[in-house]
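Numbered from 1 within each chain, the chains take letters A, B, ... in sequence-line order.
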Protein chains: 2
Amino acid sequence: MTGRIVIVDDHELVQIGLRALLTEHGLDVAGQAATGAEGLDLIRSLKPDLALIDIRLPDMSGIQVCQEIRKTDEATRLAVLTALMDKNVVHACIQTGVQGYLLKDLPAEELLRAIQNILAGKAVLDPTVTGYALKWLEMRQESGAEKEVLDLRDVEILRLMAQGWSNQAIGKYLHLSENTIKALVNDIYRRLGVKNRVEAVMEAYRHGLL
Amino acid sequence: MTGRIVIVDDHELVQIGLRALLTEHGLDVAGQAATGAEGLDLIRSLKPDLALIDIRLPDMSGIQVCQEIRKTDEATRLAVLTALMDKNVVHACIQTGVQGYLLKDLPAEELLRAIQNILAGKAVLDPTVTGYALKWLEMRQESGAEKEVLDLRDVEILRLMAQGWSNQAIGKYLHLSENTIKALVNDIYRRLGVKNRVEAVMEAYRHGLL
DNA sequence: TTCAGAAACACCCGATTGGGTGTATCAAAA
DNA sequence: TTTTGATACACCCAATCGGGTGTTTCTGAA
């Protein structure tokens with residue numbers, strides 16, 4: 001079960017730690033990247049068995065990286081590695097089709113076991129987040145309506161909002177009317193429990209959605 | 001310049017990374033701790049030449065750890081190692097008498113050099129932090145022309161903006177009129193080179209001002 | 001003393017946001 | 001078949017924001 005692994009994390013300390021941990025146990029770290037863009041290039045060119053991707057990267061969100069990869073590549077296993085545990089992020093990850101959601105403060109041994117499991121073909125969610133995931137999957141199957149959760153388009157809109165775009169500009173960009181954007185934006189506020197643009201963007205940013 | 005070093009960090013990955021980096025370059029990691037309490041015990045018993053301390057620990061702040069140590073021990077060098085850059089934290093660290101303030105996303109090589117410098121008796125502030133520290137010291141000494149720089153009140157206003165407050169609310173809170181807040185806010189936009197609230201808050205957040 | 005410039009406003013105005021109600025379409029469930 | 005819901009709008013309106021001009025007051029330098 002030797003696996004070629006790519007690490008995408010902007011903290012070089014974490015890179016070093018991961019590589020030390022993985023190589024020590026016979027796993028092959030084929031490449032490392034510090035930004036989302038570099039990570040995309042690396043994954044596309046190396047086609048590793050597994051990519052470990054940090055959520056918070058300097059240029060883009062790790063989730064976006066996963067989405068990009070999944071557009072053209074269903075084979076490479078993806079796992080996000082993050083310090084935070086957030087409902088919306090977990091859901092976005094599952095929707096994107098990642099095989100693992102791992103927390104950085106996990107003991108090294110558990111982390112290693114999780115990675116080995118993913119390489120072996122299993123999907124691994126950190127135990128502390130499994131509850132959320134299961135509940136969400138239940139709702140998905142039976143009622144289909146999974147209210148209160150931000151979908152990918154919501155996150156896209158939040159990203160544009162965070163760049164200072166107006167509703168009108170967002171509407172033109174997404175080929176929707178300004179009125180529709182306003183409705184969607186209000187929905188986002190309700191789901192995030194905030195009452196204006198700045199709060200929404202800050203919430204999203206803190207939760208690693210951007 | 002062989003130094004005995006203690007690491008206090010709750011992320012085992014970072015511990016592993018640091019240890020690999022340091023031992024690889026002939027430095028001696030004498031001990032590691034995952035909590036502030038453990039860290040205090042370890043530093044007091046081992047009396048290392050340098051303690052690298054994470055700011056965010058499960059039981060207490062790394063700054064508190066430094067303060068505790070400094071109560072009885074002026075000799076052990078202390079350096080905080082953190083992912084976040086906060087002006088207030090920097091200020092507190094300098095007042096506590098730490099020798100280093102290092103950011104986790106620094107390239108490994110620079111990190112290593114910084115640590116070697118600290119062991120050699122120099123005090124090292126991360127370059128991105130030094131600016132703030134110097135500016136702060138300037139303002140203390142003289143009323144030198146510090147144009148184009150956000151002062152403390154600007155940052156306070158940005159903090160309130162980031163929490164979703166309206167200009168009116170900010171004005172009431174700071175005992176200023178809404179019109180004055182508007183003028184100040186526009187000044188902030190000009191200095192940050194942005195054109196609306198969301199952008200300003202994002203800029204400030206990215207620059208560690210919040 | 002006079003002058004320059006800052007700080008703290010007032011007033012104005014168009015653009016945008018926040019929030020509500022209402023509607024046409026379409027697809028899936030009852 | 002009917003009904004439900006989700007989606008993508010339109011219209012409306014008050015509040016707020018973005019940005020400009022102009023006034024007063026105070027302080028420090030010429």
Side-chain angles (χ1 to χ4, degrees), chain A residues 91 95 136 138-205, chain B residues 135 138-205:
Chain A
H91 292 161
Q95 252 183 332
W136 182 73
E138 274 170 27
M139 297 201 314
R140 204 96 267 239
Q141 285 182 330
E142 48 186 68
S143 75
E146 92 306 338
K147 271 287 194 248
E148 302 317 302
V149 168
L150 301 181
D151 63 22
L152 295 180
R153 193 180 56 178
D154 292 329
V155 175
E156 172 75 357
I157 290 176
L158 273 166
R159 247 194 53 238
L160 298 172
M161 284 166 63
Q163 282 162 27
W165 290 34
S166 71
N167 291 335
Q168 199 183 45
I170 296 173
K172 273 191 182 124
Y173 181 74
L174 295 181
H175 305 293
L176 294 172
S177 85
E178 183 185 347
N179 292 309
T180 301
I181 300 301
K182 283 170 66 173
L184 293 172
V185 167
N186 279 327
D187 247 33
I188 291 174
Y189 295 165
R190 196 174 42 70
R191 288 179 182 156
L192 288 180
V194 301
K195 64 185 218 307
N196 60 43
R197 216 155 253 255
V198 175
E199 277 186 278
V201 168
M202 288 301 285
E203 265 295 295
Y205 195 84
Chain B
K135 225 161 270 163
E138 272 173 28
M139 294 210 311
R140 295 246 112 189
Q141 288 181 328
E142 258 187 70
S143 62
E146 32 42 79
K147 271 284 198 221
E148 300 317 294
V149 168
L150 301 182
D151 64 21
L152 295 179
R153 193 179 56 178
D154 292 329
V155 176
E156 172 76 357
I157 290 175
L158 273 167
R159 250 195 46 239
L160 297 172
M161 284 166 64
Q163 282 160 26
W165 291 33
S166 70
N167 290 336
Q168 199 182 46
I170 296 173
K172 272 190 183 128
Y173 181 74
L174 296 181
H175 305 293
L176 294 171
S177 85
E178 184 185 347
N179 291 309
T180 301
I181 300 301
K182 282 170 68 173
L184 293 172
V185 166
N186 277 328
D187 248 34
I188 291 173
Y189 295 164
R190 195 173 42 71
R191 289 180 179 151
L192 288 180
V194 301
K195 63 183 220 308
N196 61 41
R197 220 153 248 255
V198 174
E199 279 184 277
V201 169
M202 289 301 286
E203 266 296 296
Y205 196 86

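For the pair B:Met161 and B:Arg197, the tightest heavy-atom approach, listed with the atom from each and the gap, is CE-CG, 3.8 Å.
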Apply side-chain contact (heavy atoms from CB on, under 4.5 Å) to the pair A:Met202 and A:Val194, showing each step before the final yes or no. CA-CA 10 Å; A:Met202 288 301 285; A:Val194 301; over 6 Å; no
Start with the C-alpha distance between B:Val185 and B:Lys182, add both sets of side-chain angles, then the distance that settles side-chain contact (heavy atoms from CB on, under 4.5 Å), and finish with yes or no. CA-CA 5 Å; B:Val185 166; B:Lys182 282 170 68 173; 5.7 Å; no
Please determine whether side-chain contact (heavy atoms from CB on, under 4.5 Å) holds for the pair A:Ile157 and A:Leu174, giving the CA-CA distance in whole Å, both sets of side-chain angles, and the decisive distance to 0.1 Å. CA-CA 9 Å; A:Ile157 290 176; A:Leu174 295 181; 3.8 Å; yes
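Considering only side-chain atoms of B:Arg197, the nucleotide from D:dC17, D:dA8, C:dT17 that sits closest is D:dC17. For B:Asn186, the listed nucleotide lying nearest its side chain is D:dG18; candidates were D:dG18, C:dT17, D:dA8. Among the nucleotides C:dT17, C:dA10, D:dC17, the one closest to the side chain of A:Glu178 is C:dT17. Side-chain proximity of B:Val185 to C:dT17, D:dC9, D:dG18: nearest is D:dG18. Distance from the side chain of B:Ser166 is smallest to D:dC17 among D:dG19, C:dG18, D:dC17.
For the pair B:Leu176 CG and C:dA6 P, the computed distance is 18 Å after rounding to whole Å. Distance B:Lys182 NZ to C:dT16 C1': 13 Å, rounded to the nearest Å. When the C1' atom of D:dG20 is taken as reference, atom CG of B:Asp187 falls 14 Å away, rounded to whole Å. The distance from atom OH of A:Tyr189 to atom P of C:dG20 is 13 Å, rounded to the nearest whole Å. Summarising the geometry, the separation between CD1 on A:Ile157 and P on C:dT17 is reported as 13 Å, rounded to the nearest angstrom. What separates CG of A:Leu184 from C1' of C:dG20 is a distance of 16 Å, to the nearest Å. The nearest whole Å value for the distance from the CD1 atom in A:Ile181 to the C1' atom in C:dT16 is 14 Å. Distance CG (A:Asp154) to C1' (D:dT7): 13 Å, rounded to an integer number of Å.
Checked by distance alone, A:Lys195 brings no side-chain donor or acceptor within 3.5 Å of a matching partner on the base of C:dG18.
Applying the 4.0 Å criterion to OP1 and OP2 of D:dA10, one finds that A:Asn179 has a side-chain N or O inside that range. In this structure, A:Asn167 reaches the C:dT17 phosphate: one of its side-chain N or O atoms is under 4.0 Å from OP1 or OP2. For D:dA6, the OP1/OP2 oxygens have no side-chain nitrogen or oxygen of A:Arg153 closer than 4.0 Å. Of the side-chain N and O atoms in B:Thr180, none sit less than 4.0 angstrom from OP1 or OP2 of C:dA7.
A salt bridge links A:Glu156 with A:Arg159; the closest basic N to acidic carboxylate O contact falls under 4.0 Å.
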